[in-house]
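Order of the sequence lines fixes the chain letters, A, B, ..., with proteins taken first and strands second; residue numbering starts at 1 for each chain.
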Amino acid sequence: MSQYHPTERGYYGSFGGAFIPEMLYPNVEELREQYLSILADASFQQEYQLLLRDYVGRPTPLFRAARLSEKYGATIYLKREDLCHTGAHKVNNTVGQILLAERLGKKRIIAETGAGQHGVATATVCALRGLACIVYMGAIDMERQKPNVARMRMLGAEVRPATSGSQTLKDATNEAIRDWISNPTDTHYIIGSVVGPHPYPDLVARLQSVISAEIRRQLREKTGSELPDYVVACVGGGSNAAGAFYHFLDESTVQLVAVEAAGHGVHTDKSAATSVLGRPGIIHGSRTLLMQDEHGQITEPHSISAGLDYPGIGPLHAFLADSKRAQFLSITDDEALQAAQLCSRLEGIIPALETAHALAALDQLPLKPTDVVVLNLSGRGDKDLDTYLRELHLA
Amino acid sequence: MVNRFADLFARKPSGVLNLYITAGYPSLHDTVPLLKTLAESGADVLEIGVPFSDPLADGPVIQQTSSAALRNGMTLKLLLQELQGIRQVLPDTPLLLMGYLNPVLQYGMEAFCQQTAAAGIDGVILPDLPAEEYAALYQETFRRHNLRPVFLITPQTAEARIRRLDELTDDAFLYLVSGPGLTGGNQTADHSSQDAYLARVEALNLRNPRLVGFGIADKTSFERACQHAHGAIIGSALLRALDGAADPHEAARQFVRSIRQ
Ligand SMILES: Cc1ncc(COP(=O)(O)O)c(C=O)c1O
């Protein structure tokens, strides 16, 4: 089996595991025992594939971005996850997990969200299947991603502000875990990225792997080869990157580029570039790279992008960074803003702020005219328009 | 070899009062003097909370005391320094450190165990270190330093697992989480299911004594928990009593009296 699949206890190299309090043990153990057989089950696959096609709108297009290609002097394809229902890749995961939750007999769904895309995607599938939905969101993120808060409410979800710590994604995740501890029998926690205790990183990666499965097929149709030279994706927790990398992990000719948020810069105290600033540690039940002080206290990250404002990365990505299988780049707030404007004006696609970090990384790649680049366009930028207009002085 | 837990439970098989405070709270250097006051007022076991930035299993009170302690400047390193003299002050009271795994791992498990044991601390509770990882990675280190791990059991813990946790525990106790929820929560609202759970675990005839914690707040809930266990653990309610007190020692004495009266 590929070294990029976790071991029985959930390890990718030395990263991963399940460092959970005993209160979570029955739920996490139940999930661990059942997730692979449920995912492999024919009835699950049938429902999942049908929903991906008719509800999410898959396959999403692989679009040859002619003007970006011209600018960067290589062939650049955009994998249009922004065209998924709800506007980002997050729904690939929530559609799968809601079917899983039903099979586990759960009646109540909780989730954390940063940018609000995972919250919206969770609220959406809960509405679709008639399950109660509670989304935890950092109070600061509720302010900077207002349109998504409104969408969640319209969909019938309860949005609960996380007011502790930095009031962002880490704290929303803390509150979701505390909710799960307090509701140990009827609740399923739909984690929004490849983070958390085993089996979540593997579960979410598998549900997002449809992205790279489609890329291979679509590239073969368009170019005759399934393998690009580069796959580029932004990394908050790492779910869109995991999905875009998944079926290329064992293809050593494909360069995997993971793009983190540098915030004001990796050498300032306002950054979220975990692979640069982090050391091995434990966050949200997983041993991974973690931004922390010398005493092991988790430090507060900064990114203009709520979805990348997280002091850890998923254990698979920690392993990809450590083993150098993926190249990690970091992009500042300003570089991301410029890239968002560029993509909007060259391609007529307004990307999410998270995605804009991946776009900005094109500047840092030593591209040749023969190179084929696939960039995972993880989400659309409607939620970020306030920020774009303000920061780019367009208002 | 000293065995303060065995001595305690032999001397006092019921009504054991275990009190938790957050190290470095209310003020940075309050920890050791407060432990002394609590023991002198009638606490049988003391838990010293190592503050962590993201205490996942804790309710609002311990979240707040932990961040206050971190703001005060408390660190694991400083705490271990302060505790090196504790056995001159408190020769017999069983003492535990309770904290989350990450600060301990950054300190280094070997150094942590060595210095914790050197201070005369009897045991350690790390709620986010599951028994499997403990057994695979750290049991040998704990044993070498004669440190006892304490594991949590919840109403959802299956019998086979309770027995496994009991097997992994020696000369300490099992920590029975009173109901679904976080520290300081209001679990005791559902008396009959809590009683049934505690009675169910009692009937398993485990090797180790059992103390009940989470949501135990006053004399009534303490005594109720003690009916089916050897004692109970109080943290958040005590910390609430210390919050803003002009004299934390007087507040601590009064609090213990309110349980013991
Ligand atoms: C559009 C978009 N891209 C990327 C991310 C980052 O998450 P992940 O790294 O899990 O893909 C988010 C998170 O909110 C998002 O909304």
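- When heavy atoms are compared at a cutoff of 4.5 Å, B:L126 does not approach chain A at all.
- Residue contact with chain B, scored on non-hydrogen atoms closer than 4.5 Å, is absent for A:I283.
- Interface remark: of the candidates A:G281, A:G165, A:S164, A:G285, A:G281 forms the most heavy-atom pairs closer than 4.5 Å to chain B.
- Residues from residues 196-208 of chain B never place a non-hydrogen atom less than 4.5 Å from a non-hydrogen atom of chain A.
- Proximity to chain A is absent for every atom of B:Q64, based on heavy atoms less than 4.5 angstrom apart.
- No more than 12 heavy atoms of other residues, nucleotides or ligands lie within 6.0 Å of CD in A:E8, so this atom counts as exposed by the packing criterion.
- Interface summary for chain B: among A:I181, A:L24, A:I177, the most heavy-atom pairs under 4.5 angstrom belong to A:I181.
- In this structure the side chain of B:P180 reaches within 4.5 angstrom of the side chain of A:P184, judged on heavy atoms.
- Between A:S182 and B:L182, the shortest heavy-atom distance links the atoms OG-CG, 3.8 Å.
- Summarising the geometry, atom CD belonging to A:E294 is positioned 7.0 Å from atom NZ belonging to B:K77; distances are rounded to the nearest 0.5 Å.
- Residue B:A158 does not touch chain A at all, counting heavy-atom pairs closer than 4.5 Å.
- Across all non-hydrogen atoms, the minimal contact from B:N102 to A:G296 is ND2-O, 2.9 Å.
- Of the possible polar contacts, one joining the A:Q297 side chain to the B:P51 backbone as a donor-acceptor pair under 3.5 Å is found.
- Among all heavy-atom pairs drawn from B:L152 and A:E22, the shortest one is O-CG, 3.0 Å.
- Contacts with chain B were tallied for A:T299, A:I20, A:T173; A:I20 has the most, counting heavy-atom pairs under 4.5 Å.
- At a threshold of 4.5 Å between non-hydrogen side-chain atoms, the residues B:F52 and A:I298 count as touching.
- Of the listed residues (B:D128, B:L129, B:T154), the one with the most heavy-atom contacts under 4.5 Å to chain A is B:D128.
- Panel note: side chain A:R178, backbone B:D58; a donor-acceptor pair is recorded below 3.5 Å.
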Pairs under 3.5 angstrom only: tabulate donor-acceptor contacts from the side chains of residues 11-19 of chain A to other protein residues two or more places apart or in another chain.
{"from": "A:Y11", "atom 1": "OH", "to": "B:E133", "atom 2": "OE1", "distance (Å)": "3.0"}
{"from": "A:Y11", "atom 1": "OH", "to": "B:E133", "atom 2": "OE2", "distance (Å)": "3.3"}
{"from": "A:S14", "atom 1": "OG", "to": "A:R287", "atom 2": "NH1", "distance (Å)": "3.4"}

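- In this structure, B:Q156 contributes its side chain and A:Y25 its backbone to no donor-acceptor pair below 3.5 Å.
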* Asked: When you look at B:Q106 and A:Q292, which way does the side chain to side chain donor-acceptor pair (under 3.5 Å) test go after all the steps?
  -> CA-CA 9 Å; B:Q106 300 313 314; A:Q292 55 187 317; 3.1 Å; yes
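- Only the side chain of A:E175 comes within less than 4.5 Å of a heavy atom of chain B; its backbone N, CA, C and O stay farther away.
- With a 4.5 angstrom heavy-atom cutoff, A:P280 touches chain B only via backbone atoms.
- Between the side chain of A:N174 and the main chain of B:L56, no donor-acceptor pair closer than 3.5 Å is present.
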